[in-house]
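Here is the structure we will look at, set down as structure tokens.
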Amino acid sequence: MNKAIIFIAFIVSFSKANAQSPALALEDMKHYRIQLDNRSNRHLMGVPKQLLDGYCKGIYKAYYPKAVFNEVNFGDFLSHFRWGEPVLNETVLCGDDYCSNIAYNELFSRFNMYLDYYEHNFYNNQTARMERKVEFVQLVYSIDVAGKLYIFKGPLFRLDEIEKTILVKNDSNNAEPQSIKYTFELARFYSVEITDKDLKTKEKRTNQEDNFQEH
Amino acid sequence: MKNLRFSITLGFVITTIVSFSQTVDWQYFKMNGNECQIFITKGNSRIIVPANCFWLNGKPYQGPLTLAFKEYKDQADFIFGDLTLRYEVNGKLNTLQSGGMFEIDIKTESAKTLSFAPKKTVVVKFAIEPKFDVAGLEPYYFDPVTKNWIKNTRFGKTKESNQPISDNQSDLWQDDPLVAQFNRDPEWNGDNVDCYTIQVVDRKNPNQTIDTLICPQGYNPLDSRYNSYLSDQAFKTMQIDKMGLFNYDKIFNDENNVPMFVKLKTKDGKPFELTDRLYVVYKVTNSVIYYTKEELAEKFSLLPRNDIKIFVYNADGRISRVPDSFWKNFDARLMRGKTIELPFETLKLARLTKEEFAKYAGL
């Protein structure tokens with residue numbers, strides 16, 4: 001009888017420790033920006049293009065920054081950034097090549113300067129350590145107008161949806177491409193935190209978390 | 001003689017029902033299975049079919065096929081198509097607000113049903129009516145077995161994903177390039193507008209495209225020629241891997257609904273017998289709410305809005321509607337828990353087109 005109680009207690013405590021944390025809002029996570037043309041970040045240069053191609057083809061789903069459980073239709077993404085589908089009197093590529101239409105080139109290239117990501121810092125009861133988990137990667141639109149750079153944050157992509165197929169390659173060596181998940185787990189890049197700490201709810205952000213090491 | 005009279009009467013009834021049963025037409029597109037095709041529909045939607053997309057009896061099919069497609073763009077199409085916008089999820093009955101629906105069916109020339117090849121999808125870029133283009137529309141599929149809509153997203157069954165969200169793009173994004181203020185390029189003086197020509201589907205003859213001259217106005221460095229076209233026509237994209245009925249939808253926000261009791265009467269004060277569904281439509285929202293006779297007694301409610309249209313559409317061609325004049329001094333907020341008496345005026349049309357129906361129903 002006692003063994004059964006101990007076993008049940010163990011199962012309950014194990015499942016609690018491994019239970020997924022409640023859904024966090026974006027403002028409750030740390031927000032970082034990677035400048036892609038930085039010497040330390042060039043291996044990530046191809047990520048926005050891979051994301052946009054996959055998004056256009058329906059392989060990846062994008063989410064609204066203020067409604068992270070709702071998908072952004074590709075058409076809404078285009079119209080948000082004042083773009084549209086290829087016009088019909090141009091050469092329009094068919095099938096899987098549709099997303100390679102030149103109509104998209106200029107728009108897609110405007111996401112090449114930055115890549116943002118959001119990570120959730122939490123205390124792991126099992127390891128008794130603060131841990132970090134990257135939840136979202138975010139495209140960032142940038143445009144230079146009359147010498148001034150304008151930046152607009154774009155759609156979110158969930159790391160667990162892209163981690164197996166978005167590959168990161170270091171052009172400076174012949175190493176095999178790595179998954180984006182591995183790159184983010186090891187924080188193999190230079191980034192700066194840009195989250196406004198005042199936006200985060202006090203009860204979810206602790207001093208310990210604020211002191212957590214930045215990358 | 002009696003039999004003859006019966007036959008004539010029956011024939012008349014059937015003819016009448018058939019002639020008034022308006023439906024949305026199928027459009028047909030032909031191709032071979034080993035080809036890649038982009039089809040433009042009458043409604044200006046684009047259907048992108050990759051090569052080698054279909055299977056027949058578990059094997060790749062490369063022969064001739066016919067793609068049948070129906071577009072449902074607005075409330076009149078939904079009513080004529082007998083389509084429901086009720087959506088039950090997590091024990092709650094919601095109403096959907098649509099950006100438009102389409103139905104697709106692909107068969108061989110000998111009418112054998114094809115299936116999708118693994119990892120192949122047909123992309124439908126649905127040309128949405130600009131007045132119904134709102135933020136947050138997501139893909140739904142109509143389950144023909146359960147007769148319920150299913151949200152076709154990863155979080156489609158969760159509580160978080162099934163909350164009403166704003167119609168405004170700017171409420172869902174952190175930054176809004178549409179409202180950004182830019183420093184004007186000092187070299188741009190407002191002249192030299194770059195005009196160009198694009199082809200759009202001719203609304204009078206959907207089988208043809210016509211040239212349209214676009215001359216961008218104003219100044220915004222984000223603008224592109226594609227955006228200028230967009231202002232005339234926006235698309236919603238969906239990848240599909242099965243046949244059936246699909247919808248670009250979101251949950252209609254009815255949290256301000258005011259529950260009330262309702263009595264129906266004719267214009268001259270006699271009781272009005274409800275023989276079919278009673279439709280409630282808010283003109284600027286692409287949704288259709290309906291009540292059966294039983295539901296009307298139990299759960300009638302209205303939103304406090306000034307674009308309410310209420311009508312009954314009978315299969316024999318009669319339309320009964322609450323006249324617009326009734327709504328001029330009506331305030332739903334004052335009717336909570338009270339009884340509203342709706343007066344109906346009836347029109348009998350010899351033949352009902354979609355345009356006539358929409359006009360009379362006030363859509």
Side-chain angles (χ1 to χ4, degrees), chain A residues 23 26-27 31 55-59 61 63-90 92-99 103-104 106-107 110 138 140-141 143-148 150-156 158 160-161, chain B residues 36-38 40 46 48-51 121 123 125-126 128 133 135-139 153-155 158 160-161 163 165-166 169 171-178 180 182-186 197-200 209 211 220-230 233-239 248 250:
Chain A
L26 214 55
E27 58 266 30
H31 179 191
Y55 180 29
C56 177
K57 289 174 180 168
I59 299 167
K61 306 299 178 190
Y63 296 88
Y64 284 107
K66 291 187 176 174
V68 297
F69 294 97
N70 296 91
E71 290 180 6
V72 187
N73 191 283
F74 187 72
D76 287 342
F77 160 75
L78 292 179
S79 64
H80 182 68
F81 290 102
R82 302 175 78 93
W83 219 260
E85 295 291 340
V87 292
L88 290 175
N89 51 344
E90 294 176 338
V92 178
L93 302 172
C94 188
D96 293 339
D97 294 330
Y98 186 89
C99 296
Y104 296 131
E106 190 182 343
L107 175 69
R110 290 181 182 170
Q138 184 173 38
V140 181
Y141 180 105
I143 185 169
D144 188 322
V145 180
K148 188 178 176 188
Y150 294 85
I151 294 173
F152 305 103
K153 294 188 281 294
L156 300 172
R158 290 180 178 272
D160 65 356
E161 294 178 7
Chain B
C36 184
Q37 290 281 356
I38 299 178
I40 311 296
R46 300 178 183 185
I48 304 160
V49 189
T121 58
V123 179
K125 296 201 177 260
F126 189 88
I128 189 170
D133 188 5
L137 297 170
E138 294 182 274
T153 70
R154 175 182 172 185
F155 298 99
T158 66
E160 290 91 344
S161 175
Q163 304 293 326
I165 58 172
S166 173
Q169 294 275 357
D171 292 336
L172 303 178
W173 297 86
Q174 293 153 309
D175 300 326
D176 189 357
L178 299 179
F182 293 92
N183 292 326
R184 180 160 288 188
D185 186 339
T197 304
I198 64 166
Q199 290 177 341
V200 297
T209 54
D211 289 345
N220 187 315
L222 270 61
D223 279 350
S224 69
R225 57 189 304 174
Y226 306 105
N227 173 63
S228 301
Y229 175 50
L230 176 75
Q233 181 61 75
F235 296 89
K236 302 290 170 188
T237 304
M238 198 185 299
Q239 283 82 13
Y248 303 84
K250 63 189 294 185

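Side chains included, hydrogens not; waters and symmetry mates left out as well; all remaining heavy atoms used. Order of the sequence lines fixes the chain letters, A, B, ..., with proteins taken first and strands second; residue numbering starts at 1 for each chain.
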Separation between [atom1] of [X] and [atom2] of [Y], rounded to the nearest 0.5 Å:
| X | Y | atom1 | atom2 | answer |
| --- | --- | --- | --- | --- |
| Asp171(B) | Tyr64(A) | CG | OH | 11.0 Å |
| Arg154(B) | Glu71(A) | CZ | CD | 10.0 Å |
| Phe155(B) | Arg158(A) | CZ | CZ | 3.5 Å |
| Thr237(B) | Tyr55(A) | OG1 | OH | 8.5 Å |
| Lys125(B) | Phe74(A) | NZ | CZ | 5.5 Å |
| Glu138(B) | Lys61(A) | CD | NZ | 10.5 Å |

Where on [X] is there a heavy atom nearer than 4.5 Å to chain A: the side chain, the backbone, both, or neither?
| X | answer |
| --- | --- |
| Lys250(B) | neither |
| Gln174(B) | both |
| Phe126(B) | neither |
| Asp133(B) | side chain |
| Ile48(B) | side chain |

Within the structure provided, determine whether [X] and [Y] are in side-chain contact (heavy-atom separation under 4.5 Å).
| X | Y | value |
| --- | --- | --- |
| Ile165(B) | Lys66(A) | no |
| Asn70(A) | Ser161(B) | yes |
| Val123(B) | Tyr98(A) | no |
| Trp173(B) | Val72(A) | yes |

*Ile151(A) portion near chain B, given a 4.5 angstrom heavy-atom threshold*: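 The answer is the backbone of Ile151(A).
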*In terms of heavy-atom pairs under 4.5 Å, which option from Cys94(A), Gly58(A), Cys56(A) contacts chain B the most?*
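Answer, by heavy-atom pair count under 4.5 Å with chain B: Cys94(A).
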*N/O donor-acceptor pair under 3.5 Å between Asp76(A) side chain and Ala135(B) backbone*: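 No: the side chain of Asp76(A) does not pair with the backbone of Ala135(B).
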*Of all heavy-atom pairs between Ile38(B) and Leu93(A), which one has the smallest distance, and what is that distance?*
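Where Ile38(B) meets Leu93(A) most closely, the heavy atoms are CD1-O, 3.6 Å.
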_Contact winner vs chain A - Pro50(B), Cys36(B), Pro139(B), heavy-atom pairs under 4.5 Å_ =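 That would be Cys36(B).
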